[in-house]
**Student:** 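Please see the structure below; I have some questions.
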Amino acid sequence: MKKIISLTLCMLLTLSLFGFSVCAEVPPHDVYVSISDENGALVLTYASVTLADEDGDGNLTVNDALIGAHKEYYKDGAQGFASEETAYGCSITKLWGFAGGNGYGYCVNDSSAMSCYDPIKEGDHIKAFIYTDTENFSDLYCFFDQTFVSAEINDTVTLTLYANTYDANWNVVKTPVSGAEILIDGKASGIMTDENGKAEIPVKNWRNMTVSAKSDLQTIVAPVCIIRVPSVFDTDSADLLLAMTVLSVVAIAGIAVAVVIVVKKRRNHV
């Protein structure tokens, strides 16, 4: 009897420790990096990168973020990225292992950067891409009006797709993109942006969704938005975790009681 009670207490203690460990907060990273390859496919989507002076110039820049992203996520590490001084300042010469000379672009928080040496700060999003139109370099930089969205199951998330275009004086103009198809986790959804660039995306599953878009009307740089749907393992689902922990404790206690009753009955029959 004492052994059964001791075993049950050990199981309850282990379960309670597990619950606290799941709820523990994870320190946030400094910046986010997204990358599109030479085929226009997203190979990195809002990947968290801890900033460090990777190039040793004493500053924290776009260059450092891209070096760090390759070190952490590319199969060959930092060898997949290169930059050098050109007539236009520090420019990318190799991205995600591709050095084909197609031309490269990058934005910080969906605004054009002047150089790889542009400074960045905590929470910034760096999006780098390789031009797929190697003749006219017409790739249109596109982005959604939201980067991270929190949603619940059966919610509908409304996103607006924009492109960076230019007026007669070369000032950047944020222009809605119509007729683009929404991609969910890389797959066509059949959902199209309307004349105002808006699209409504249903949330049907208990998992995060990576949303992008493609267009048959023009060459666009893949936008990206992450829809966060809480699950039982998310730190934001503390109430659900607590409920599951309580239910598990009750279940284990019930099993322990049942075992005790069985043992008593066997002893009475002896």
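Both backbone and side-chain heavy atoms feed into the values below; hydrogens, waters and symmetry mates do not.
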**Student:** Closer than 3.5 angstrom, by distance alone: can the side chain of Asn208 be matched with the main-chain N or O of Val229 as a donor-acceptor pair?
**Tutor:** yes
**Student:** Has the side chain of Asn171 got a donor or acceptor atom that lies under 3.5 Å from a matching backbone atom of Asp167?
**Tutor:** no
**Student:** Could you pull out the closest heavy-atom pair between Val157 and Ala151, with the gap in Å?
**Tutor:** CG2-CB, 3.9 Å
**Student:** Give a yes or no answer on whether the side chain of Asn109 reaches the backbone of His125 with a donor-acceptor pair at less than 3.5 Å.
**Tutor:** yes
**Student:** Say whether Val149 and Ile191 are linked into one hydrophobic cluster, either directly or through other cluster members, by side-chain heavy-atom distances under 4.5 angstrom.
**Tutor:** yes
**Student:** Donor-acceptor check, side chain of Thr193 to backbone of Ala180, threshold 3.5 angstrom: yes or no?
**Tutor:** yes
**Student:** Determine, for Phe81 and Lys94, whether the Lys NZ or Arg CZ falls below 6.0 Å from the six-membered ring centre while staying within 45 degrees of the axis.
**Tutor:** no
**Student:** Would you name the heavy atoms of Val33 and Ala65 that are closest together and state the gap between them?
**Tutor:** CG2-O, 4.0 Å
**Student:** Counting N and O atoms only, with roles assigned by atom type, does the side chain of Ser34 sit under 3.5 Å from a partner on the main chain of Tyr46, one being a donor and the other an acceptor?
**Tutor:** yes
**Student:** State, to 0.1 Å, how close Ile220 and Ser215 come at their nearest heavy-atom pair, and which atoms those are.
**Tutor:** CD1-N, 4.0 Å
**Student:** Phe148 vs Tyr32, test: ring pair (Phe, Tyr, Trp, His ring centres under 6.0 Å). Steps then yes/no.
**Tutor:** CA-CA 11 Å; Phe148 293 99; Tyr32 298 97; 5.2 Å; yes
**Student:** Checking Asn63 against Ser83: is there a side-chain donor and acceptor pair closer than 3.5 Å?
**Tutor:** yes
**Student:** Does atom CE of Met192 have more than 12 heavy-atom neighbours, drawn from other residues, nucleotides or ligands, at distances under 6.0 Å?
**Tutor:** yes
**Student:** Mind checking whether Tyr117 and Val108 sit in one hydrophobic cluster, side chains of I, L, V, M, F, W, Y counted as touching below 4.5 Å?
**Tutor:** no
**Student:** Indicate the atoms forming the closest heavy-atom contact of Ala47 with Leu44, along with that distance.
**Tutor:** CB-CG, 3.6 Å
**Student:** Strictly distance-based, threshold 3.5 Å: is any side-chain N or O of Glu72 a donor or acceptor partner for the main-chain N or O of Ile67?
**Tutor:** no
**Student:** Surrounding CD of Glu85 (heavy atoms of other residues, nucleotides or ligands, distance under 6.0 Å), is the total greater than 12?
**Tutor:** yes
**Student:** Charged N to carboxylate O below 4.0 Å: is that the case for Arg207 and Asp185?
**Tutor:** yes
**Student:** Looking at Asp57, is its backbone amide N or carbonyl O close enough to the side chain of Asp53 to form a donor-acceptor pair, meaning the two atoms are under 3.5 Å apart?
**Tutor:** yes
**Student:** Do the rings of Phe137 and Tyr131 sit parallel, tilted or perpendicular, given the 30° and 60° boundaries?
**Tutor:** perpendicular
**Student:** Could you walk me through whether Asp139 and Thr132 satisfy the side-chain hydrogen bond (donor to acceptor under 3.5 Å, both in side chains) test, starting with their C-alpha distance in whole Å, then the side-chain angles of each, then the deciding distance to 0.1 Å, before giving a yes or no?
**Tutor:** CA-CA 7 Å; Asp139 300 50; Thr132 58; 2.8 Å; yes
**Student:** Just by modelled atom types, is the Ile130 backbone N or O under 3.5 Å from a matching donor or acceptor in the Asp37 side chain?
**Tutor:** no
**Student:** Considering non-hydrogen atoms only, spot the tightest contact between Lys71 and Ala78 and give its length.
**Tutor:** CG-CB, 3.4 Å
**Student:** May I ask whether Leu95 and Ile120 are part of the same hydrophobic cluster, defined by side-chain heavy atoms of I, L, V, M, F, W, Y residues being less than 4.5 angstrom apart, directly or through others?
**Tutor:** yes
**Student:** Would you check if the side chain of Lys214 reaches a backbone N or O of Ala188 as a donor-acceptor pair within less than 3.5 Å?
**Tutor:** no
**Student:** Can you hop from Tyr162 to Val172 via hydrophobic side chains spaced under 4.5 Å?
**Tutor:** no
**Student:** Restricting to non-hydrogen atoms, name the atom on Asp110 and the atom on Asn164 that form the minimum distance, rounded to 0.1 Å.
**Tutor:** O-ND2, 2.9 Å
**Student:** Test of understanding: clusters of I, L, V, M, F, W, Y form through side-chain heavy atoms closer than 4.5 Å, transitively. Do Leu140 and Val221 belong to the same one?
**Tutor:** no
**Student:** Go through the steps for Ser138 and Asp133 under the test side-chain hydrogen bond (donor to acceptor under 3.5 Å, both in side chains), then give the verdict.
**Tutor:** CA-CA 6 Å; Ser138 64; Asp133 179 1; 2.5 Å; yes
**Student:** Would you check if the side chain of Lys127 reaches a backbone N or O of Thr45 as a donor-acceptor pair within less than 3.5 Å?
**Tutor:** no
